[in-house]
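These numbers come from the heavy atoms of this one structure, side chains and all, not from hydrogens, waters or symmetry mates. Model, not experiment: these values are computed from the prediction.
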Amino acid sequence: MTPTPGLNLGLGLQHDGYFGTNLLLQTGFSWGGRQPTTASRTVAKALGNPVQRTMPIWSVSDRRTEAAQNPASGQVYGFQHVVPATAGGDGTITAPYGDINAAVAAAQAGEIVYVRPGSLSSGFTIPAGVQVLSTAVEQPIATQVGTVALPGSGGGIRPQVPGPVVLSNGTRLSGFTIEAGPAQDGVLANDVSGVTLDNNDILTARNGISLNQVGGEVVVRQNRVQTASQNGILLNSGLQTSSADISQNQVASAGENGLLVRAAAGSQIERLTLAQNQVQAAGENGIAVLAETASSIGTVDLVQSEVVTSGENGIILLADTNSAINQITLANATVSSAGTNGVLVLADNGGRVGEVAIEEVAIAQSGANGILVLADRNGQLGAVELNQNQVTQAAENGLAVLGDRGGSVAQATLTGNQVGTVGSNGVLVQVNNGSRLTTAIARRNSVASAVGNGVLLAAQNGSQLTTALVEDAQVTQAGANGVFIQADTGSTLDQATVTNPTVTQAGQNGGLVQADNGSQIQAVDIAGGQVLAAGQNGLLVLANNGSQIQTATIEQAQVGRPGAPSATIASNGILVFADNGSTLSHAWIRANQIQAAGATGIQVLADGQSQLTEAQISNNQLRAVSGGGILVFANGQSQFGQATVAGNTVSQTGREGIQVFADGSGRLTAATIDGNQISQTTGSGIQLFAANLGRIDAVQVSRNQLATINQDGIVAFAETGGRLPTVTLNNNQLTQVGQDGLRTFATNGGTVETAAITNNQTQTVGNTGVFAFADSTSQLSTLTLTNNQIEQSGRHAVELGNQGSNDFCAVVADNTSIATTDLDTNLFATGTGALQVVNLPQLSANNNNSFNQVNNAGATPGTAGLSPCP
């Protein structure tokens with residue numbers, strides 16, 4: 001036995017009847033008291049026995065003993081020993097206290113009260129700087145030569161405390177079972193600094209652990225709270241909390257919050273660590289971190305934690321009322337069942353949250369959102385990242401990042417998340433009511449089943465969103481739209497991009513980008529991916545109600561299910577639409593594949609006094625479309641500039657292969673249809689139509705190949721006040737056409753001013769090779785019909801007629817008619833206007849060298865050398 005408290009340094013084998021046989025390596029520990037203050041106290045403490053009564057049977061020859069010191073303070077450790085219910089005692093190892101209150105009363109700062117198993121008589125207060133430790137768990141302490149476990153620690157049996165334990169500055173409580181009752185806190189501290197709680201069991205309490213106005217360094221680890229009528233673990237920080245480590249704790253049942261950390265009233269927590277905590281059942285929030293009323297929290301690390309059941313949020317982190325949380329990392333957490341949100345991160349009332357990273361969090365079931373990150377009422381969020389999270393079931397949105405009522409979000413990036421079954425949107429990123437979001441990126445997220453939209457990125461009600469990107473989204477089932485990007489009600493969006501989405505089934509549109517109610521989108525890009533089935537359109541770009549979209553590009557997308565026996569896209573495959581006074585400047589639809597659409601394959605439409613400057617529809621493949629293949633439409637006093645339809649392949653359509661239509665005073669400046677391949681149409685192959693005061697200023701149809709057309713091959717006509725000032729049909733090839741091959745006419749008050757049909761080939765048409773006509777109310781002024789080859793017409797090679805009061809002059813020259821069934825030419829004029837035909841006999845040079853005209857009342861005879869049309 002050494003008379004000085006300290007460390008035995010050496011190696012030996014020894015046996016003691018109390019401690020048993022032990023192999024000692026390098027260090028041993030000798031019990032002692034604190035530094036002496038009086039002679040009698042020094043003698044009492046100095047005569048404490050060593051940790052083992054050493055009876056060494058072997059030891060190294062170099063053995064020494066020195067005082068064990070606390071390296072932090074440089075002071076020698078002192079101990080007060082407690083064996084509950086022991087009579088008398090002075091706190092030494094040989095004469096321990098039987099009453100904990102006597103021990104803590106005797107303990108001085110820097111000392112350790114060391115308690116063996118048993119039932120204490122009451123709760124107690126730990127004086128400042130004192131540690132109260134039990135032998136139940138291993139108790140390592142730091143010394144000048146390293147960390148040493150206290151002798152006898154790790155026994156596993158906790159002393160029982162029948163009341164609350166009160167902490168003071170710089171105290172520690174470890175290894176106790178506390179039964180405070182539902183009206184008292186199990187462990188509490190008020191207005192202190194630097195506390196440590198570890199390895200304690202709190203059976204029943206109001207708050208299992210309640211730390212109020214606690215600053216400095218706070219450690220709460222490996223504690224278990226069985227039943228708390230209020231909070232399982234509560235930390236209200238002091239004015240300055242340098243760090244709080246609340247980890248590896250378990251809360252079985254809490255009436256309010258399982259674990260609550262609050263910085264309030266101007267207080268500060270520099271670093272908060274919440275790791276490996278478990279909350280089984282909480283009446284309110286499972287784990288809550290709150291910065292309130294001009295307070296701040298620096299860094300929050302919440303990792304590897306679990307909430308089984310919570311009445312409200314599973315996990316909530318809040319910066320409220322001008323408070324701030326600088327950085328949040330939430331990773332590897334699980335929430336099995338939450339009454340509202342599985343995870344909620346909220347910046348509210350001018351609160352600010354800096355960087356937010358939520359990764360590998362699993363939400364099994366939530367009564368509201370799976371994961372919600374929100375900036376509200378002028379709150380601010382920095383860069384938000386949601387990566388590799390999983391939401392199995394949520395009553396509202398699966399994943400949501402929102403800014404509302406003036407809130408701002410610097411950037412939102414959602415990558416590789418999996419959403420199961422949700423009652424609203426699978427993935428939602430939205431700013432509303434004057435809020436701002438710089439960049440929204442949703443990349444490689446999957447949604448199994450959403451009642452609302454699969455993925456929705458939106459700016460609404462005067463909000464600003466700079467960039468919205470949806471990349472590689474997988475939506476199996478969406479009740480509304482598969483992918484939806486929106487600017488609504490006076491909002492602005494610079495760039496909307498959707499790349500490579502996969503939408504298996506959408507109740508409305510597979511993909512929708514919309515500017516509505518006076519909003520603006522500068523550029524829309526949809527590229528790649530597939531939409532297999534949709535209740536409305538496959539892909540829709542819409543400018544509505546006075547809104548603007550500068551450019552819209554849709555390319556290399558697959559719409560419709562290949563090989564499906566019926567339409568899997570209920571309406572249009574691709575629709576680009578400017579409506580109700582809106583503007584869409586440029587639309588490019590390129591290299592897409594459309595199949596199994598119930599209405600039109602591709603439709604570009606301006607309606608309701610809208611403007612669409614330019615549309616190019618090129619190199620698309622359309623097959624098995626129930627309606628028309630491609631439709632370009634100016635309606636309702638709308639203005640449409642240049643429409644180009646080129647290089648497309650269209651087959652198996654229920655109506656026209658390609659249709660360009662101006663109706664209801666709509667105007668289209670120029671329509672060019674060039675180099676398309678069209679086959680197996682129920683309606684006409686190509687149709688250009690101006691009706692109801694609609695107008696298409698210039699029509700150019702050239703180099704198209706048409707085969708197996710059920711009605712007319714190429715038809716351009718004006719009716720009901722519609723106008724086609726210039727029509728050019730040249731270098732087209734038509735085979736197996738059910739009615740007329742090439743047809744231009746005016747009816748019901750329509751006007752075709754100048755038409756040129758040149759260098760075309762028709763073969764096997766059911767009716768007339770070329771037909772041109774104006775009825776009694778209409779006008780067809782001038783027709784040039786030259787260098788066409790017309791073969792195997794069911795009736796006439798050429799049929800020209802005028803029933804109106806306006807003159808109709810046709811130049812017919814250098815055409816070839818082969819194997820016409822009936823007559824080469826049928827001319828008729830029944831109105832007061834003249835039908836003048838120039839060079840008509842040349843039409844029949846390769847047929848029967850004859851010219852026939854029937855029903856030609858009023859028609860000018862066709863003779864070579866007649867003056868050209870005026």
Side-chain angles (χ1 to χ4, degrees), residues 594-597 600-602 620-631 645-660 673-689 699 701-717 727-745 755 757-773 785-800 815-826 843-844 846-848:
I594 314 295
Q595 186 163 333
T600 305
I602 297 174
N620 301 282
Q621 296 183 15
L622 298 90
R623 185 175 182 272
V625 178
S626 299
I630 297 172
L631 171 62
V645 182
N648 301 282
T649 300
V650 181
S651 65
Q652 298 182 14
T653 65
R655 294 185 57 186
E656 294 77 19
I658 296 173
Q659 184 182 50
V660 179
I673 303 175
D674 181 72
N676 301 283
Q677 296 185 16
I678 303 169
S679 63
Q680 301 180 49
T681 65
T682 301
S684 300
I686 297 174
Q687 184 184 88
L688 299 108
F689 184 21
V699 171
V701 182
S702 59
R703 300 188 307 139
N704 300 283
Q705 296 183 9
L706 289 77
T708 317
I709 307 301
N710 190 57
Q711 296 184 16
D712 299 318
I714 300 174
V715 55
F717 69 101
V727 175
T728 301
L729 313 179
N730 67 292
N731 295 295
N732 300 286
Q733 297 181 6
L734 296 86
T735 304
Q736 294 185 342
V737 177
Q739 297 183 12
D740 297 329
L742 300 161
R743 180 181 178 93
T744 181
F745 68 95
I757 303 176
T758 62
N759 298 302
N760 301 284
Q761 297 180 12
T762 69
Q763 183 177 19
T764 314
V765 298
N767 197 8
T768 299
V770 178
F771 176 84
F773 167 70
L785 182 64
T786 60
N787 295 301
N788 300 285
Q789 179 175 301
I790 302 168
E791 184 176 350
Q792 294 183 337
S793 298
R795 291 188 61 195
H796 313 297
V798 175
E799 185 170 2
L800 307 177
N815 301 285
T816 301
S817 172
I818 302 174
T820 299
T821 300
D822 190 357
L823 300 171
D824 290 332
T825 309
N826 180 26
L843 177 67
S844 59
N846 293 335
N847 188 14
N848 55 12

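The side-chain hydrogen bond (donor to acceptor under 3.5 Å, both in side chains) test applied to N759 returns no partner, not counting sequence neighbours. Among residues two or more places apart in sequence or in another chain, the side-chain contact (heavy atoms from CB on, under 4.5 Å) test is passed with V645 by I617, I630, V632, N648, I658, I673, N676. The side-chain hydrogen bond (donor to acceptor under 3.5 Å, both in side chains) search around Q652 returns none, not counting sequence neighbours. Q792 meets the side-chain hydrogen bond (donor to acceptor under 3.5 Å, both in side chains) test with T764; sequence neighbours excluded. T768 pairs by the side-chain hydrogen bond (donor to acceptor under 3.5 Å, both in side chains) definition with E799, not counting sequence neighbours. For S626, the side-chain contact (heavy atoms from CB on, under 4.5 Å) partners two or more places apart in sequence, or in a different chain, are A567. Every residue meeting the side-chain contact (heavy atoms from CB on, under 4.5 Å) condition with N710, not counting sequence neighbours, appears here in chain and number order: T682. Evaluation of the ring-ring contact (aromatic ring centres under 6.0 Å, His included) rule for F717 yields F689, F745 as partners, not counting sequence neighbours. Residues passing the side-chain contact (heavy atoms from CB on, under 4.5 Å) test with Q595 are P562, R623, A624, sequence neighbours excluded.
With N732 as reference, N704 is the one residue of N704, T762, T758 to meet the side chain to side chain donor-acceptor pair (under 3.5 Å) rule.
Inter-residue side-chain proximity for N620 and I602 is flagged as met; some heavy-atom pair is nearer than 4.5 Å. Put simply, the side chain of L734 does not reach to within 4.5 Å of the side chain of V765, judged on heavy atoms. Between L785 and V798, the closest side-chain pair of non-hydrogen atoms falls below 4.5 Å. Inter-residue side-chain proximity for V660 and V699 is flagged as unmet; no heavy-atom pair is nearer than 4.5 Å. Counting heavy atoms from C-beta on, the side chains of I757 and N730 never come closer than 4.5 Å. For the pair L706/V737, no side-chain contact is recorded, criterion being any heavy-atom separation below 4.5 Å from C-beta on.
Looking at N815, its side chain does come within 3.5 Å of a backbone N or O of N787 through a donor-acceptor pair. T653 contributes a side-chain N or O that, together with a main-chain N or O of R655, makes up a donor-acceptor pair within less than 3.5 Å. Listed for the N760 side chain is a donor-acceptor partner under 3.5 Å among the backbone atoms of N731.
The distance from the CD1 atom of I686 to the CG atom of L742 is 9.5 Å, given to the nearest 0.5 Å. Atom OG in S684 sits 5.0 Å away from atom CD in Q711 (nearest 0.5 Å). Atom OG1 of T744 is separated from atom CZ of F771 by 10.0 Å, given to the nearest 0.5 angstrom.
Contact detail for S793 and G769: the closest heavy-atom pair is OG-N, 3.5 Å. Shortest non-hydrogen contact noted between G713 and I709 is CA-CG2, 4.3 Å. Scanning all heavy atoms of the two residues, the minimum distance from A716 to V727 falls at CB-CG1, 3.8 Å.
Side-chain contact of Q789 with Q761: a donor-acceptor pair under 3.5 Å is absent, judged by distance alone.
Residue pairs meeting the salt bridge (charged side-chain N to carboxylate O under 4.0 Å, His left out) criterion with at least one partner in residues 701-716, sequence neighbours excluded, are D674-R703, D712-R743.
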